[in-house]
Amino acid sequence: MQKLELLAPAKNLECGIAAIDHGADAVYIGPERFGARVAAGNPIEDIRQLCDYAHQYRARVYATVNTIIYDDELSDTEELLWQLYQAGIDAILVQDMGLLRMKLPPIALHASTQTDNRTADKVHWLQELGFQRVVLARELSVSEIADIHRQVPDMPLEVFVHGALCVSYSGQCYASQHCFARSANRGACAQVCRMEFDLTDDNGNIIEHNRHLLSLKDLNLSEHLEELAAAGATSFKIEGRLKDITYVKNVTAAYSDKLNELIGRHPDKYQRASLGHCTYSFRPNLKKTFNRGFTTYFLHGRQPDIYSPDTPKAMGEFVGTVKELRGKYFTVAGTARFANGDGLCYLYLNNHVRTLKGFRVNRAEGNRLFPQQMPDDLRPGMSLYRNNDTEFERQLSRPSSERKIPIMLHFDVLRDDGTEEGFTLRVTDTTNTLNGSFTFHLSHQLARTSQRENIIRELSKLGGTPFTCTAFNMAADFPYFIPNSHLAEMRRTMVTHLLKSGTTCNAPFTIQHEAARIPAPSYQQHYLYNIANQQAAAFYHETEPTAYELKGGKAALLMQCRHCLRYSLGYCTRRGGKKPSWHEPLSLQLSNGRKFLLEFDCKNCQMNIYAKQP
């Protein structure tokens with residue numbers, strides 16, 4: 001039976017608990033330092049509380065320590081790893097191979113997507129080192145995932161299924177460091193890929209002007225979980241450690257429902273990795289949560305609509321078209337329902353450039369909408385999108401889910417020692433994960449009237465705990481009287497045992513950093529190894545750190561992208577596109593004049609972006 005894990009992001013303790021409550025089998029969270037999102041750090045005590053909460057449901061918590069580490073930070077990093085282990089963390093995501101030469105706690109290590117995991121050779125190498133899981137590159141197709149699983153069948157594979165996409169292979173992007181001295185590999189990405197560029201040819205001709213040519217749509221593989229599971233993926237990861245709690249609630253609930261549907265179709269093949277059933281006070285809807293439009297990216301090979309060149313902002317769901325303007329209000333053609341305070345937006349064409357504009361609905365009367373201020377350039381026929389649904393946000397701002405573990409109770413007299421003094425209470429669940437038998441030595445007192453219903457009622461009072469009783473087995477003619485105080489003690493003993501049995505998710509583990517029988521995958525440029533400290537240098541048998549953040553490089557390769565502008569603009573002749581009239585090489589240019597050279601590596605179907613020398 002294959003266990004499938006839904007892995008949700010936790011910006012903080014509140015988001016982590018919400019993720020568990022809405023169906024996550026695991027969450028990933030960053031400590032105060034050394035996580036790949038510097039704005040999403042958390043105190044150890046908060047992480048400890050999250051572990052305690054998650055483990056009640058046999059859910060797991062992973063800590064992100066996936067930045068590159070400088071020499072003067074090594075001691076603090078090692079101390080942090082032990083603190084996380086002691087807090088109850090189940091695994092640590094890492095990028096820097098220098099960590100493998102530390103005195104590590106006995107805990108699982110997962111290879112972050114920042115380690116650039118796009119080939120079976122790389123995954124095999126990481127397995128040889130002792131990693132217990134690999135987070136694959138977002139760019140891989142389902143067939144490539146299946147091929148990796150076929151070649152390295154014993155390595156658990158984690159795949160991204162939802163959220164923002166980086167245009168460069170993760171761990172191989174240096175544009176933010178180059179432009180702003182903010183390292184993506186240090187958790188401080190400035191999101192250069194979301195900026196406006198001019199695309200120019202070698203003669204200086206402008207091919208595209210002020211467009212977000214590197215800004216990708218958001219990933220949405222909610223309809224493809226079965227394909228991914230069949231390909232060998234076991235953990236389905238939602239991006240978003242900077243997202244707010246309403247995003248976490250909605251997206252986690254939506255994917256949890258999808259996983260349950262998948263398991264419902266294949267109950268003998270798959271099961272959830274944690275326990276509990278969630279009931280929601282809202283209907284999950286991915287379109288209502290922050291997104292830049294959705295794409296399946298390269299799941300089924302190269303697609304033409306993976307980027308969003310008009311805007312990097314969230315457009316939300318399509319809600320209709322402008323029907324007519326009437327002074328202080330306008331009407332909408334469509335079936336959507338609106339509420340006071342909704343945020344709407346539209347794309348406006350000005351000087352051949354499409355710009356996203358938005359406004360707030362002050363009052364909604366059916367399909368009549370009264371903006372706070374009527375947009376000057378709103379016109380009949382324009383498509384409208386809702387990027388803030390007031391009523392949906394209101395639903396999610398309140399407690400919106402309850403997660404309960406269904407258990408079955410069995411109550412009988414004690415017969416094991418040949419006497420009939422005492423009682424036994426056994427607990428089971430449908431997954432055979434929760435099992436316990438409790439003996440209570442009490443004298444048998446015959447009841448004047450049947451106490452069966454009272455005993456069932458008292459032992460089933462599980463409110464305020466993660467459990468709910470769905471079945472109770474007890475003889476119909478049970479003849480004994482048991483005081484309520486003793487029944488309450490039986491119930492407390494059972495619950496305490498069940499809660500404690502869920503707090504041992506740490507997996508004893510020792511990294512085998514000297515045991516790899518195959519060499520490390522090679523890069524032509526040494527800085528692509530992201531060696532930022534002497535321990536990492538020794539691991540790779542280098543004499544000194546060579547990370548871009550330390551060495552720089554004027555003509556350096558800044559991004560490796562599967563997204564290809566030649567293809568997306570319709571000029572890939574290998575795939576039926578028209579022959580371009582421009583003269584290559586092409587360049588991207590920011591508004592401040594900074595330029596980047598494009599290289600089209602057609603053999604590997606990849607677009608490389610270089611720092612262009614002035």
Side-chain angles (χ1 to χ4, degrees), residues 9-12 28-42 63-70 73 93-96 111-118 135 137-139 160 162-197 212-219 237-244 247 290-292 297 306-308 311-314 527-530 532 547-553 556-563 588 590-592 594 596 607-611:
K11 178 180 180 180
N12 51 35
Y28 60 104
I29 189 170
E32 290 181 308
R33 297 185 66 187
F34 312 125
R37 296 290 185 272
V38 293
N42 293 272
T64 56
V65 188
N66 55 342
T67 62
I68 57 174
I69 310 297
Y70 294 154
E73 299 168 332
L93 283 87
V94 303
Q95 174 187 189
D96 195 315
S112 168
T113 188
Q114 298 294 119
T115 55
D116 187 26
N117 309 316
R118 47 179 141 159
V135 187
R138 295 170 173 89
E139 289 82 357
F160 281 91
H162 197 90
L165 289 166
C166 300
V167 73
S168 175
Y169 283 99
S170 292
Q172 303 290 288
C173 182
Y174 309 93
S176 180
Q177 174 68 29
H178 174 75
C179 294
F180 305 107
R182 290 177 52 179
S183 169
N185 285 317
R186 297 274 294 167
C189 178
Q191 295 193 314
V192 174
C193 58
R194 303 297 180 189
M195 297 179 178
E196 285 184 328
F197 293 93
H212 302 273
L213 297 171
L214 300 180
S215 183
L216 301 179
K217 292 181 179 180
D218 284 5
L219 185 65
K237 188 172 192 171
I238 300 167
E239 180 278 336
R241 277 201 295 124
L242 296 179
K243 296 295 198 304
D244 60 23
Y247 173 95
F290 182 98
N291 69 84
R292 301 175 178 89
Y297 208 25
I306 66 172
Y307 75 144
S308 179
T311 178
K313 298 178 181 179
Y527 64 85
L528 296 176
Y529 288 98
N530 295 319
Y548 185 84
E549 287 77 1
L550 300 174
K551 298 293 185 179
L557 174 61
L558 298 181
M559 293 185 185
Q560 300 176 52
C561 311
R562 209 163 195 178
H563 166 51
L588 291 172
L590 289 169
S591 59
N592 62 8
R594 192 184 293 271
F596 308 88
M607 180 177 73
N608 297 321
I609 302 178
Y610 289 85

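Not a single donor-acceptor pair under 3.5 Å links the side chain of Arg241 to the backbone N or O of Pro9. A donor-acceptor contact shorter than 3.5 Å links the side chain of Arg186 to the backbone of Ile68. Between the side chain of Asn66 and the backbone N or O of Ser112 there is no donor-acceptor pair closer than 3.5 Å. No side-chain donor-acceptor contact under 3.5 Å links Arg292 to the backbone of Asp218. A donor-acceptor contact shorter than 3.5 Å is absent between the side chain of Thr64 and the backbone of Leu93.
Legend: residues meeting side chain to side chain donor-acceptor pair (under 3.5 Å) with Arg562, ordered by chain and number and at least two apart, are Glu144. Under the rule for a side-chain contact (heavy atoms from CB on, under 4.5 Å), the partners of Asn12 that lie at least two apart in sequence or sit in another chain are Glu14, Cys15, Asn42. Residues meeting the ring-ring contact (aromatic ring centres under 6.0 Å, His included) test with Tyr527, sequence neighbours left out: Tyr174, Tyr548. Every residue meeting the ring-ring contact (aromatic ring centres under 6.0 Å, His included) condition with His563, not counting sequence neighbours, appears here in chain and number order: Tyr307. By the side-chain contact (heavy atoms from CB on, under 4.5 Å) test, Gln191 pairs with Cys189, Arg194, sequence neighbours left out. The salt bridge (Lys or Arg N to Asp or Glu O under 4.0 Å) test applied to Lys243 returns Glu239, not counting sequence neighbours. Considering only residues two or more places apart in sequence or on other chains, Asp244 meets the side-chain contact (heavy atoms from CB on, under 4.5 Å) condition with Thr246, Tyr247. Not counting sequence neighbours, Phe160 has no partner by the ring-ring contact (aromatic ring centres under 6.0 Å, His included) test. In this structure Asn185 satisfies the side chain to side chain donor-acceptor pair (under 3.5 Å) test together with Gln114, Asn530, sequence neighbours excluded. For Ser170, the side chain to side chain donor-acceptor pair (under 3.5 Å) criterion is met by Arg138, not counting sequence neighbours. Checked against ring-ring contact (aromatic ring centres under 6.0 Å, His included), Tyr297 has no partners two or more places apart in sequence or in another chain. In terms of the side-chain contact (heavy atoms from CB on, under 4.5 Å) criterion, residue partners of Glu196 (sequence neighbours excluded) are, by chain and number, Asn210, His212.
Distance SG/Cys193 to CG/Leu216: 7.0 Å, rounded to 0.5 Å. Rounding to the nearest 0.5 angstrom, the gap separating the CG atom in Leu165 from the CD atom in Glu139 is 8.0 Å. In this structure, Ile306 CD1 and Leu219 CG are separated by 11.0 Å, a value rounded to the nearest 0.5 Å. Taking CD1 from Ile238 and OH from Tyr28, the interatomic distance works out to 8.0 Å, rounded to the nearest 0.5 Å. The CE atom of Met607 sits 4.5 Å away from the SG atom of Cys561 when rounded to the nearest 0.5 Å. With rounding to the nearest 0.5 Å, the separation of CG in Leu588 from CE in Met559 is 9.0 Å.
Between Gln560 and Leu528 there is a side-chain heavy-atom pair separated by less than 4.5 Å. Between Leu214 and Ile609, some side-chain heavy-atom pair lies under the 4.5 Å cut-off.
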Using side-chain contact (heavy atoms from CB on, under 4.5 Å), reason through Leu590 and Phe197 one step at a time and then give a plain yes or no. CA-CA 5 Å; Leu590 289 169; Phe197 293 93; 3.3 Å; yes
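Between Ala137 and Thr113, the shortest heavy-atom distance links the atoms CA-OG1, 3.9 Å. Of all heavy-atom pairs between Val65 and Pro31, the closest is CG2-CG, 4.3 Å. Closest non-hydrogen pair, Ser215 versus Thr311, comes out as OG-O, 4.5 Å.
A donor and an acceptor atom, one from each side chain of Arg118 and Gln172, are nowhere located under 3.5 Å apart.
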